[in-house]
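Working notes, structure below.
Reckoned from all heavy atoms, side chains included, excluding hydrogens, waters and symmetry mates. None of these values were measured; they are calculated from a predicted model. First the proteins, then the strands, lettered A, B, ... as listed; each starts at 1.
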2 protein chains.
Amino acid sequence: MANSKLFKGSLNTIILKLLEEKGKMYGYEITQKVKELTKGELKITEGALYPALHKLEAEGLLEAEVAKVDNRLRKYYKLTEKGEKETVNRLAELEEFIRSMHNLVNPDWSIQ
Amino acid sequence: MANSKLFKGSLNTIILKLLEEKGKMYGYEITQKVKELTKGELKITEGALYPALHKLEAEGLLEAEVAKVDNRLRKYYKLTEKGEKETVNRLAELEEFIRSMHNLVNPDWSIQ
DNA sequence: AATTTATACATAATTTTCTTATGCATAAGA
DNA sequence: TCTTATGCATAAGAAAATTATGTATAAATT
């Protein structure tokens with residue numbers, strides 16, 4: 001997509017939020033869900049996603065569970081308790097970020 | 001700031017928008033203006049700002065002019081014609097980005 | 001008077017985070 | 001049969017930031 005640069009730094013927050021909503025998801029599912037929600041605008045690459053998932057797991061925010069579906073492996077991730085708390089913080093930061101960007105560039109729409 | 005990661009990738013757009021509004025600005029002025037507009041939330045570091053300005057200049061989006069004020073050098077930047085056009089694009093992308101993020105994380109406010 | 005903070009630029013080393021490329025494997029569709 | 005889709009993973013490289021360092025003058029503080 002044209003403005004993929006803008007998404008830099010927001011991947012972790014996106015993952016955490018989706019997991020908060022869905023309960024558990026596997027990697028490929030996340031890439032498809034993001035593509036769907038952004039109407040194809042944001043395509044998360046595997047080279048970005050899997051290392052991000054591994055890191056969040058190493059930080060104790062996610063825990064993984066492998067399942068075999070239709071003879072294919074899926075690695076399901078869900079939030080740990082720590083991850084749930086952190087997600088609240090990250091989303092608050094994201095909201096603050098968007099408000100700040102609004103103040104900076106002041107486009108012709110408002111935030112309610 | 002806590003969520004500086006989220007701002008990754010948006011520095012160029014911020015610079016272009018501020019210059020569009022102000023006409024011309026120098027580097028230090030940009031850092032102060034951003035700090036003011038974000039209530040201290042975003043502190044642009046010099047190591048990020050100056051290379052970004054140089055790159056935008058090299059791309060032909062900005063042009064620079066050095067002035068001496070109070071025995072101190074200031075390097076004023078302003079948009080070129082190409083830069084003005086590009087700024088329109090970048091702001092449209094930014095708006096699309098913010099709408100996408102909204103769809104993704106669906107906070108409790110709406111965009112009008 | 002001396003030191004710190006503010007103003008103003010710049011670059012180098014390092015880190016973070018991404019893209020692109022590669023690899024393996026099974027299932028479905030053309 | 002070959003391509004696309006599903007599913008994981010890692011390595012090489014690029015991009016964009018942070019942190020550290022350097023130079024210089026002016027203002028403010030101790």
Side-chain angles (χ1 to χ4, degrees), chain A residues 1-16 24-36 38 40-59 61-62 64-77 90 94 97 101, chain B residues 1-16 24-36 38 40-59 61-62 64-77 90 93-94 97:
Chain A
M1 66 252 92
N3 54 350
S4 66
K5 264 181 259 183
L6 293 171
F7 284 95
K8 260 180 190 287
S10 53
L11 177 57
N12 286 340
T13 304
I14 290 170
I15 292 171
L16 292 174
K24 62 173 188 175
M25 296 179 84
Y26 55 100
Y28 186 77
E29 187 185 7
I30 292 175
T31 66
Q32 299 308 302
K33 187 70 182 172
V34 166
K35 197 157 70 174
E36 175 202 326
T38 62
E41 201 187 335
L42 177 56
K43 286 174 186 115
I44 296 184
T45 59
E46 298 157 299
L49 179 65
Y50 291 115
L53 287 171
H54 300 161
K55 199 183 169 208
L56 288 170
E57 190 184 4
E59 288 168 355
L61 303 183
L62 301 185
E65 177 198 354
V66 174
K68 195 156 197 171
V69 180
D70 291 334
N71 208 28
R72 278 204 213 87
L73 282 185
R74 287 179 181 173
K75 202 163 166 186
Y76 281 95
Y77 289 90
R90 300 279 181 110
L94 178 61
F97 160 69
M101 285 303 288
Chain B
M1 64 252 87
N3 55 347
S4 67
K5 264 181 257 182
L6 294 169
F7 285 96
K8 270 177 186 284
S10 54
L11 177 57
N12 285 343
T13 304
I14 291 171
I15 291 171
L16 293 174
K24 63 174 187 172
M25 296 179 84
Y26 56 100
Y28 186 76
E29 186 185 7
I30 292 175
T31 66
Q32 300 307 302
K33 187 70 182 172
V34 167
K35 198 156 70 172
E36 176 201 325
T38 62
E41 202 186 335
L42 178 56
K43 286 173 185 119
I44 296 183
T45 59
E46 297 156 300
L49 179 66
Y50 291 115
L53 288 170
H54 299 160
K55 199 183 169 207
L56 287 169
E57 190 184 4
E59 289 167 354
L61 303 183
L62 301 186
E65 177 199 352
V66 173
K68 195 155 196 172
V69 180
D70 291 335
N71 208 29
R72 277 204 214 88
L73 282 185
R74 287 179 181 174
K75 203 162 165 187
Y76 281 96
Y77 289 91
R90 302 279 181 109
E93 284 173 5
L94 179 61
F97 160 68

Comparing A:Pro51 with B:Lys8, nearest DNA chain D nucleotide closer to 5' gives the residue A:Pro51

Roughly, in whole Å, what's the span from [atom1] in [X] to [atom2] in [N]?
X: B:Asn12; N: D:dA15; atom1: CG; atom2: C1'; value: 11 Å
X: B:Ile15; N: D:dA16; atom1: CD1; atom2: P; value: 12 Å
X: B:Lys43; N: D:dT18; atom1: NZ; atom2: P; value: 12 Å
X: A:Phe7; N: D:dA15; atom1: CZ; atom2: C1'; value: 17 Å
X: A:Asn71; N: D:dC8; atom1: CG; atom2: P; value: 14 Å
X: A:Glu65; N: D:dG7; atom1: CD; atom2: P; value: 16 Å
X: A:Glu36; N: D:dA5; atom1: CD; atom2: P; value: 16 Å
X: A:Leu49; N: D:dT10; atom1: CG; atom2: P; value: 12 Å

Is any side-chain heavy atom of [X] less than 4.5 Å from a side-chain heavy atom of [Y]?
X: B:Lys35; Y: B:Gln32; result: yes
X: B:Leu53; Y: B:Ile30; result: yes
X: B:Leu61; Y: B:Arg90; result: yes

Would one find a side-chain N or O of A:Lys5 under 4.0 angstrom from OP1 or OP2 of C:dC18?
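Negative; the distance criterion is not met.
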
Using a cut-off of less than 4.0 Å, is there contact between a side-chain N or O of A:Lys55 and OP1 or OP2 of C:dT17?
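Indeed, a polar side-chain atom of A:Lys55 lies that close.
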
Let me see the working for A:Leu6 and A:Met101 under side chain to side chain contact (heavy atoms under 4.5 Å, CB included), right down to the final yes or no.
CA-CA 11 Å; A:Leu6 293 171; A:Met101 285 303 288; 5.7 Å; no

5'-most contact on DNA chain C: A:Leu11 or B:Ala48, nearest heavy atom basis?
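Its nearest nucleotide lies further toward 5', so the answer is B:Ala48.
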
List in chain and number order the residues that pass side chain to side chain contact (heavy atoms under 4.5 Å, CB included) with B:Val69, two or more places apart in sequence or in another chain; answer none if no residue qualifies.
B:Arg74

With sequence neighbours excluded, residues passing side chain to side chain contact (heavy atoms under 4.5 Å, CB included) with B:Glu46:
B:Tyr50

Which nucleotide, in any strand shown, forms a Watson-Crick or G-U wobble pair with C:dA30, with both distances under 3.5 Å?
D:dT1

Rounded distance [0.5 Å steps], OH in A:Tyr77 versus CD in A:Glu29:
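A:Tyr77 atom OH to A:Glu29 atom CD measures 13.0 Å (nearest 0.5 Å).
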
I'd like to compare against my own output: the B/S/- annotation of nucleotides 4-10 of chain C with a strict under-4.0 Å heavy-atom distance to protein.
--SBSBB

